[in-house]
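Lettering follows sequence order; numbering is per chain, from 1.
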Amino acid sequence: MSNLNLSEQELIRRKSLDELRKLGINPYPAAEYKTNAFAQDILDNYSPEKNNFQDVCMAGRLMNIRIMGSASFAEMMDSSGRIQIYIRRDDICPGEDKTMYNTVFKHLLDIGDIIGIKGRVFKTQMGEITIHVNEFTVLCKSVRPLPVVKEKDGILFDAVTDPEMRYRQRYVDLIVNPQVRDVFRKRTRIIQSLRELFNSKGYLEVETPVLQPIPGGAAARPFITHHNTLDIPLYLRIANELYLKRLIVGGFEGVYEFAKDFRNEGMDRTHNPEFTVMEIYIAYKDYNWMMSFTEELIKKAALDLHGKTEIIYGDNLINLNPPYKRISMIDSIKDNTGIDISGMDEEEMRKVCDRLGVPHSPEMGKGKLIDQIFGEKCEHNYIQPTFIIDYPTETSPLTKMHRSKPGLTERFELMINGKEIANAYSELNDPIDQMERFQDQLHLSEKGDDEAMFIDQDFIRALEYGMPPTSGMGIGIDRLTMLLTNQPSIQDVLLFPQMKPETLKVKAESQKEEYIELGIPEEWIEPLKKLGFITIAKIKEVEKPGKLANDLNGFNKKNKLGLSGLSPEAVGSWLK
RNA sequence: CGGCCCGUAGCUCAGCUGGUAGAGCACGUGACUCUUAAUCAUGGGGUCGAGGGUUCGAGCCCCUCCGGGCCGACCA
């Protein structure tokens with residue numbers, strides 16, 4: 001009955017499954033399969049002169065099968081790549097019994113199945129490095145047909161490009177689009193590169209709470225959840241900043257964490273509800289030091305990934321070789337708009353916004369207005385890496401006041417390709433100033449800003465014991481990965497980007513008993529369902545029993561079911 | 001939240017002014033011992049995203065909904 005929902009190809013593969021079992025072959029064996037070679041290693045290192053790889057054993061997925069009578073070529077893909085294999089009937093079946101080739105290989109194996117092979121490597125007349133197989137083992141039968149992507153001269157045919165399928169069924173994407181695996185290998189290499197640098201300096205990798213009673217450290221709307229035993233609300237973290245700084249108070253010299261953060265906000269090409277941020281805090285440093293460190297880190301990541309600092313993103317050629325340009329936010333606005341906003345009050349700023357066509361609203365303070373102008377008129381112009389420094393106090397409540405510029409803070413953001421890549425400060429460690437900044441945030445919250453920060457009393461208490469002068473920095477790992485792997489969407493650097501739930505096509509089918517109650521012979525239930533009458537209600541809607549009888553008899557004949565014919569009267573009796 | 005586009009066989013896509021659903025690959029059967037987008041012959045496979053409406057008749061026109069993409073808004 002469940003077979004009703006299966007396609008023809010799925011039914012055939014399930015039948016092959018049974019056939020294999022009948023031949024005594026377990027399609028899902030448990031035993032370890034010991035391999036001694038990978039496709040890429042063979043392709044890179046085989047040479048006929050050395051006559052190496054003459055006793056290889058490898059495992060992988062069948063991606064293509066070309067049968068030519070008693071010999072066949074196929075392609076097998078393992079974690080390293082694809083390689084061609086050559087299978088000859090009389091090698092596989094040296095004796096009289098040719099079942100393993102004629103039946104198992106030719107008929108019961110399909111594209112998508114996973115097998116193990118033993119054989120020797122050689123070069124075909126066409127010059128392709130190939131494994132001559134003398135034994136194969138079924139390791140996993142695939143019962144769902146894989147999209148078949150073909151390739152010639154680097155051109156892909158029928159490539160799976162549908163974003164919905166690629167993101168929802170990432171496993172399929174990874175199988176048929178090998179360059180996708182490469183992006184995620186690179187993502188991991190980027191993270192490793194940063195971790196190596198931090199560890200080489202003796203900084204400590206730590207873990208801090210994801211479930212937080214007060215979602216602090218950033219301005220964003222959190223996800224809320226509930227703890228049953230404690231009977232309190234908890235928030236999924238929007239940042240880990242305040243916890244890492246507590247650890248600096250505790251005496252660690254440098255701490256860092258690769259953290260999943262969660263923000264209950266919009267989704268687009270650069271935003272996913274959960275995302276990864278690396279934050280690092282180092283005692284006795286300031287934001288100037290941190291700028292140099294950030295340069296070092298970005299350069300290292302680029303070199304580890306590409307071996308050079310020039311990268312291409314979209315149409316832009318970007319050079320990540322330090323030093324990067326440094327410009328204050330005020331100067332940036334001056335450069336990009338010709339307007340010097342230094343010393344202006346809030347009213348003057350509003351007029352500037354109007355003149356520039358920058359949208360603003362009454363609850364925005366001076367700092368927010370500056371931020372707004374920068375975001376609209378400046379940010380997108382910084383394609384080459386540029387540090388924007390010295391941000392307004394109002395929008396930087398965790399940042400130390402600038403040592404010489406009143407009203408500003410010691411903060412920088414690194415812009416690359418017109419996007420923020422990193423954000424860092426000389427951390428505010430004055431507990432009394434910090435308390436006042438939190439209270440300012442509270443006022444913003446009362447004015448209706450639902451992103452204003454909460455007051456974290458325990459964090460204040462920690463600062464009261466004394467936090468050394470510290471610089472902290474955060475990097476969006478997803479966006480850094482997009483940049484370094486030239487991917488246009490955050491979904492392309494997340495293995496499982498957030499999607500709306502798939503609406504499962506679970507059709508409400510009536511039970512067999514309900515059909516029988518109507519007097520419908522059991523053998524006619526399946527044909528009825530095949531014709532779309534999956535519920536009793538559907539049958540009751542039929543107005544012409546003659547037509548239904550005719551359709552059913554036609555179905556019987558077409559599918560050679562061999563059932564005795566139905567009269568219109570018999571069908572009519574079901575409908576009463 | 002607004003604008004535009006998309007949803008047809010397992011996959012990639014055609015489908016004319018509304019007139020009985022097509023191709024390639026994949027799949028079944030047969031042939032073939034160095035092929036490679038293998039080839040040749042032959043056969044099957046569809047609730048055209050879902051639901052309504054207009055019509056003698058809808059994959060196509062209208063409405064609603066679901067899912068996806070791009071752009072903008074909001075948001076860092």
Between C1' of B:C34 and CD1 of A:Ile83, the distance in whole Å: 15 Å
Atom P, compared across B:G59 and B:C40: separation rounded to whole Å: 34 Å
Minimum-distance nucleotide to A:Tyr86 side chain [options: B:A37, B:C34, B:G69]: B:C34
Same-atom distance (C1') from B:U33 to B:U39, integer angstrom: 15 Å
Sugar-phosphate, base or nothing in reach of A:Gln169, heavy atoms under 4.0 Å: nothing
Phosphate-side-chain proximity, A:Arg66 and B:A38, N/O vs OP1/OP2 below 4.0 Å: yes
Sugar-phosphate only, base, or nothing, as touched by A:Ile67 at under 4.0 Å among non-hydrogen atoms: base
side-chain N/O A:Asn64 vs B:C25 OP1/OP2, d < 4.0 Å: no
Length of the CG-C1' vector between A:Asp113 and B:A26, whole Å: 14 Å
Enclosure of A:Phe38 CZ (heavy-atom neighbours >12, cutoff 6.0 Å): no
Sugar-phosphate only, base, or nothing, as touched by A:Phe122 at under 4.0 Å among non-hydrogen atoms: base
Interatomic distance, A:Lys106 NZ vs B:C32 P [rounded to whole Å]: 8 Å
P atoms of B:G69 and B:U35, separation to the nearest Å: 44 Å
Pair A:Arg437 + A:Asp440: basic N to acidic O under 4.0 Å: no
Beyond-backbone contact of A:Met63 with A:Met77, side-chain heavy atoms, under 4.5 angstrom: yes
Atom pair distance, as rounded to whole Å: CD1 in A:Ile87 and C1' in B:U36: 15 Å
Interatomic distance where NZ belongs to A:Lys141 and P belongs to B:C27 [whole Å]: 10 Å
Aromatic plane relationship, A:Phe53 with A:Tyr46 - under 30° parallel, 30 to 60° tilted, over 60° perpendicular: tilted
First encountered from the 5' end of RNA chain B, between A:Arg88 and A:Glu151: A:Arg88
Any A:Arg269 side-chain nitrogen or oxygen under 4.0 Å from OP1 or OP2 of B:C71: yes
Partner nucleotide, any strand, of B:C70 [Watson-Crick/G-U, under 3.5 Å]: B:G3
Distance between C1' atoms of B:U36 and B:G43 (Å, rounded): 26 Å
For B:G43, the Watson-Crick or wobble partner whose two distances fall under 3.5 Å: B:C27
Salt bridge flag under 4.0 Å for residues A:Arg61 and A:Asp78: no
Working for side chain to side chain contact (heavy atoms under 4.5 Å, CB included), residues A:Glu265 and A:His271: CA-CA 8 Å; A:Glu265 290 168 354; A:His271 295 81; 5.7 Å; no
Pairwise C1' distance, B:U55 and B:G49 [rounded to whole Å]: 23 Å
5'-most by nearest nucleotide on RNA chain B - A:Glu379 or A:Asp110: A:Asp110
Sugar-phosphate only, base, or nothing, as touched by A:Glu75 at under 4.0 Å among non-hydrogen atoms: nothing
Side-chain N,O (A:His107) to OP1/OP2 (B:G30) below 4.0 Å: yes
OP1 or OP2 of B:U33 under 4.0 Å from side-chain N/O of A:Arg89: no
Rounded distance in Å - CG (A:Asp153) to P (B:A38): 12 Å
No-hydrogen, no-angle side-chain donor-acceptor test under 3.5 Å, A:Glu410 and A:Ser426: yes
Nucleotide forming a Watson-Crick or wobble pair with B:G22, both distances under 3.5 Å: B:C13
Contact under 4.0 Å: A:Lys152 side-chain N or O vs B:A37 OP1/OP2: yes
B:C34 and B:C25, which share atom name C1', separated by this distance in whole Å: 24 Å
Nearest listed nucleotide, side chain of A:Gln125, among B:C34, B:U33, B:G68: B:C34
Ion pair A:Arg13/A:Glu19, N-O distance below 4.0 Å: no
Cationic tip of A:Arg411 above A:Tyr425 ring, under 6.0 Å, 45° of axis: no
Touch class at under 4.0 angstrom, heavy-atom based, for A:Arg144 against every strand present: nothing
Distance-only donor-acceptor test, A:Glu128 side-chain atoms vs B:U35 base atoms, 3.5 Å: no
Distance between C1' atoms of B:G67 and B:C32 (Å, rounded): 46 Å
Identify each donor-acceptor pair in which a side-chain atom of residues 65-73 of chain A lies under 3.5 Å from a protein atom, sequence neighbours left out, and give them as a table.
from, atom 1, to, atom 2, distance (Å)
A:Arg66, NH1, A:Glu75, OE2, 3.3
A:Arg66, NH2, A:Gln84, OE1, 2.6
A:Ser72, OG, A:Tyr101, OH, 2.7

Gap in Å between the two C1' atoms, one belonging to B:G10 and one to B:U54, rounded: 35 Å
Whole angstrom value for the distance that separates C1' of B:C32 from CG of A:Asp90: 15 Å
Watson-Crick or G-U wobble partner of B:U64, both distances under 3.5 Å: B:A50
Residue-phosphate contact under 4.0 Å: A:Lys150 side-chain N/O, B:C25 OP1/OP2: no
For nucleotides 8-15 of chain B, tabulate all protein N/O to nucleotide N/O atom pairs closer than 3.5 Å, reporting atom names and distance.
from, atom 1, to, atom 2, distance (Å)
B:G10, N7, A:Gln9, NE2, 3.3

Length of the CG-C1' vector between A:Leu156 and B:G24, whole Å: 16 Å
A:Lys245/A:Glu427 ion pair, N-O < 4.0 Å: yes
Identity of whatever pairs with B:C34 - Watson-Crick or G-U, under 3.5 angstrom: none
Modelled atom types, side-chain donor and acceptor of A:Tyr287 and A:Asp390, under 3.5 Å: yes
Distances under 3.5 Å between protein N/O atoms and the N/O atoms of nucleotides 73-75 of chain B, please, pair by pair.
from, atom 1, to, atom 2, distance (Å)
B:C75, O3', A:Glu451, OE1, 2.8
B:C75, O3', A:Glu451, OE2, 2.4
B:C75, O2', A:Glu265, OE1, 2.9

Side-chain heavy atoms of A:Asn272 within contact of A:Asp478, under 4.5 Å: no
